[in-house]
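Heads up: numbering here begins at 1 and tracks the sequence. This one's a predicted model, so the numbers in the text were calculated from it and none came from an experiment.
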Amino acid sequence: MFPLQLFAGVFIDDPSYLCEVAQSLVEQQEKSDARKTKKDRQAASVRTVGRVMGLVTLRHRMLEAAWETEVLSKVRVYIAPLAG
């Protein structure tokens, strides 16, 4: 569904990359909708928006997981000497 580039560092580090991916998805959808009915174009637009929202959600979840991992790591480093 999504390109393998999602797991590259640029996906997390650069929000503009997400914008570029979203824009390319919209452009692909517009190109493929040249001779479709209005109903089909609307359905394709809804699918494209869903894919973009999926990308945004995935990026958010990846950032949250990285943040939680960092916090847990710091807690572990702090508690490890106390636990022996």
| field | Hydrophobic cluster membership, Val77 vs Leu82, 4.5 Å side-chain cutoff | value | no
| query | Out of curiosity, does Met53 fall in the hydrophobic cluster containing Leu25 (side-chain heavy atoms, cut-off under 4.5 Å, transitive links)? | reply | no
| Single hit among Arg61, His60, Arg59 for side chain to side chain contact (heavy atoms under 4.5 Å, CB included) with Thr57 | Arg61
| said: If I take atom CD from residue Glu27 and atom OG from residue Ser32, how far apart are they, to the nearest 0.5 angstrom? | reply: 12.0 Å
| task | Flag the pair Arg51 / Thr48 as yes when at least one side-chain heavy-atom distance between them is below 4.5 Å, and no otherwise. | result | no
| Taking atom CD of Gln42 and atom CG of Asp40, what is their separation to the nearest 0.5 Å? | 9.5 Å
| remark: Rounded to the nearest 0.5 angstrom, the NZ-CD distance for Lys36 and Gln29 is 8.0 Å
| Electrostatic pair Lys74-Glu70, nearest N-O below 4.0 angstrom | yes
| query | Just by distance, do the side chain of Thr69 and the backbone of Ala65 share a donor-acceptor pair under 3.5 Å? | reply | yes
| query | Are any non-hydrogen side-chain atoms of Val49 and Val26 less than 4.5 angstrom apart? | reply | no
